[in-house]
Amino acid sequence: MSKETNQQWGGRFSEPTDAFVARFTASVDFDQRLYKQDIQGSIAHARMLEKVGVLTEKERDDIIRGLGEIRIEIERGDFAWSVALEDVHMNIEAALTKKIGITGKKLHTGRSRNDQVATDIRLYMRDEIDLVLAEISRLQQGLLDLAEKEADTIMPGFTHLQTAQPVTFGHHLLAWFEMLSRDYERFADCRKRVNIMPLGAAALAGTTYPIDRAYTAELLQFDAPAGNSLDAVSDRDFGIEFCAASSLLLMHMTRMSEELVLWTSAQFNFINLPDRFCTGSSIMPQKKNPDVPELVRGKSGRVYGHLMSLLTLMKSQPLAYNKDNQEDKEPLFDAVDTVKGCLRAFGDMIPAIESRKEEMREAARRGFSTATDLADYLVRKGVAFRDAHEIVGLSVAYGIEHKKDLSDMTLDELKQFSDTIEQDVFDVLTLEGSVAARNHIGGTAPDQVRAAVDRGRDLIAARGE
């Protein structure tokens with residue numbers, strides 16, 4: 001083999017790869033983050049090769065020792081990565097061969113870079129999903145703690161961003177908790193499809209060596225080996241699925257972010273974010289900007305883009321592996337980093353939110369938010385709902401004209417719209433009476449909020465994290 005060609009596959013070639021092409025096609029600058037998983041997979045592969053008689057015990061032990069030393073070098077920052085060796089796999093294999101001799105070249109028996117990289121990515125994604133799941137749970141725990149604290153704090157609930165009915169701040173926070181619970185389930189479900197082992201599929205058609213894929217899968221804690229060698233090396237559905245779940249998560253976080261941005265504004269003034277989560281202005285000294293929720297809101301676009309990038313990457317690809325698939329890593333890695341960063345920021349910030357209870361309560365009082373309660377009161381008194389709706393509408397119009405909330409009107413003022421209204425109407429026109437009346441599972445009553453907090457804590461505990 002010519003020394004001028006790539007020593008990993010150069011036997012077929014009569015001239016070296018063009019220098020620009022070598023740089024253009026290399027992935028080591030970004031896929032070196034897979035080094036732990038590459039070494040983990042190689043150790044399991046070596047153990048399996050010894051079990052089936054391809055390697056001796058000494059060869060296996062030399063490989064495992066050499067890979068362990070390489071991992072230490074990488075983590076110390078002493079490892080010299082080479083673009084000429086293209087990727088993380090060939091860099092580590094070349095270093096192993098240099099360290100332990102010809103035995104290092106035997107490690108690649110029965111596998112290809114195609115099944116090797118597919119295995120590495122799945123191991124990596126499994127690890128990262130576990131971290132994402134833990135961060136979701138941490139954020140949810142913070143929401144539960146804050147919701148319990150704010151179970152009695154009244155605020156306006158909105159539709160069309162217009163005051164609708166009174167709720168509590170705790171109840172609102174629990175809506176965010178529900179969104180995140182669905183996100184958790186999606187990532188956990190995605191993990192099941194990630195945890196299938198491609199190793200043993202080799203380049204595309206399996207191998208003639210007597211490998212034991214079930215044993216390798218057991219060593220690597222995969223649920224099972226992939227069932228088809230062609231699909232095993234070319235499947236990137238799990239990466240697309242991760243980005244889809246991430247996009248939904250970030251969409252939810254943008255909704256939370258938008259509300260946080262609104263609530264911190266002078267126009268709402270519902271909450272205060274501690275200074276450590278905000279920045280100021282270079283020109284306006286009074287400014288305190290909610291940069292964390294704003295940036296999370298903006299970062300959603302990156303993840304949405306990565307989803308579309310991966311979908312487009314895989315569109316129309318013939319089986320099996322194609323060089324196109326090298327382009328899966330950068331969007332996938334950035335999606336992972338973005339999701340973890342956003343979750344960490346929110347997990348730190350949410351427990352530190354301070355509510356401005358009086359401002360929230362006053363906002364709920366101003367917007368005729370108990371109008372629906374008055375309509376329900378009339379219906380319980382025997383008035384048809386459509387008639388009750390009209391009566392309340394006239395009452396609200398009167399309140400707008402005279403700048404009075406329903407709860408500020410006298411009984412005589414209310415009775416001009418219906419003789420059915422009696423003194424007991426004021427029991428339902430208070431904000432506290434309104435939220436307390438919705439005393440059912442999922443309702444706004446403070447006791448229901450506290451019960452939902454308990455259920456949420458039980459849910460997180462059952463995850464066993």
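Note: hydrogens, waters and symmetry copies are ignored here, and every other heavy atom, side chains too, is used.
With a 6.0 Å radius and a threshold of 12 heavy atoms from other residues, nucleotides or ligands, Arg344 has its CZ atom at or below the threshold. In Met251, the CE atom is crowded: over 12 heavy atoms of neighbouring residues, nucleotides or ligands sit closer than 6.0 Å. The environment of NZ in Lys98 is sparse: at most 12 heavy-atom neighbours from other residues, nucleotides or ligands sit within 6.0 Å.
With respect to Asp62 and Arg65, a salt bridge is recorded, a charged nitrogen being found less than 4.0 Å from a carboxylate O. Salt-bridge annotation for Arg236 and Asp328: present, with a side-chain N of the basic residue lying under 4.0 Å from a carboxylate O of the acidic one. Electrostatic pairing of Glu241 and Arg186 does not count as a salt bridge here, judged by no charged N lying under 4.0 Å from a carboxylate O. A salt bridge does not link Lys340 to Glu135: none of the charged side-chain nitrogens sits closer than 4.0 Å to a carboxylate oxygen. Between Lys329 and Asp29 there is no salt bridge, since none of the side-chain N atoms of the basic residue sits less than 4.0 Å from a carboxylate O of the acidic one. Taking a cutoff of 4.0 Å between a charged side-chain nitrogen and a carboxylate oxygen, Arg122 and Asp235 qualify as a salt bridge. Between Asp152 and Arg450, at least one side-chain nitrogen of the basic residue sits less than 4.0 Å from a carboxylate oxygen of the acidic one, meeting the salt-bridge criterion. Between Glu432 and Arg361 there is a salt bridge, since at least one side-chain N of the basic residue sits less than 4.0 Å from a carboxylate O of the acidic one. Checked for salt-bridge contact, Lys99 and Glu73 meet the test: a charged N lies under 4.0 Å from a carboxylate O. A salt bridge does not link Arg193 with Asp237: none of the charged nitrogens is closer than 4.0 Å to a carboxylate oxygen. In this structure, Arg457 pairs ionically with Glu148, as a charged nitrogen and a carboxylate oxygen lie closer than 4.0 Å.
Donor-acceptor pairing under 3.5 Å is lacking for the side chains of Ser434 and Gln165. Ser355 and Lys357 are linked by a side-chain donor-acceptor pair at a separation below 3.5 angstrom, with hydrogens and angles left out of the test. In the model, His45 has no side-chain atom that pairs as donor or acceptor with a side-chain atom of Gln116 under 3.5 Å. No side-chain donor-acceptor contact under 3.5 Å links Glu294 and Asn289. Between the side chains of Asp87 and Gln326, no donor-acceptor pair is found at a separation under 3.5 Å.
Put simply, the side chain of Ser42 does not reach to within 4.5 Å of the side chain of Ile92, judged on heavy atoms. Contact check for Thr216 versus Ile211: no side-chain heavy atoms found under the 4.5 Å cut-off. Looking at heavy atoms from C-beta onward, Arg47 lies out of side-chain contact with Glu50 at the 4.5 angstrom threshold.
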| Step by step, would you call Asp223 with Arg191 a salt bridge (charged side-chain N to carboxylate O under 4.0 Å, His left out)? | CA-CA 11 Å; Asp223 291 335; Arg191 191 189 189 282; 5.8 Å; no
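Between Phe268 and Phe270, the ring-plane angle classifies as perpendicular under the 30° and 60° cut-offs.
Between the side chain of Ser257 and the backbone N or O of Pro293 there is at least one donor-acceptor pair closer than 3.5 Å. The backbone N or O of Gly443 lies less than 3.5 Å from a partner atom in the side chain of His171, making a donor-acceptor pair.
The six-membered or imidazole ring of Trp263 lies near that of Phe169, with a centre-to-centre distance under 6.0 Å.
When the ring-ring contact (aromatic ring centres under 6.0 Å, His included) test is applied to Tyr124, the partners found at least two apart in sequence or on another chain are Phe333.
Residues in residues 219-256 take part in these ring pair (Phe, Tyr, Trp, His ring centres under 6.0 Å) pairs, two or more places apart or across chains: Phe187-Phe242.
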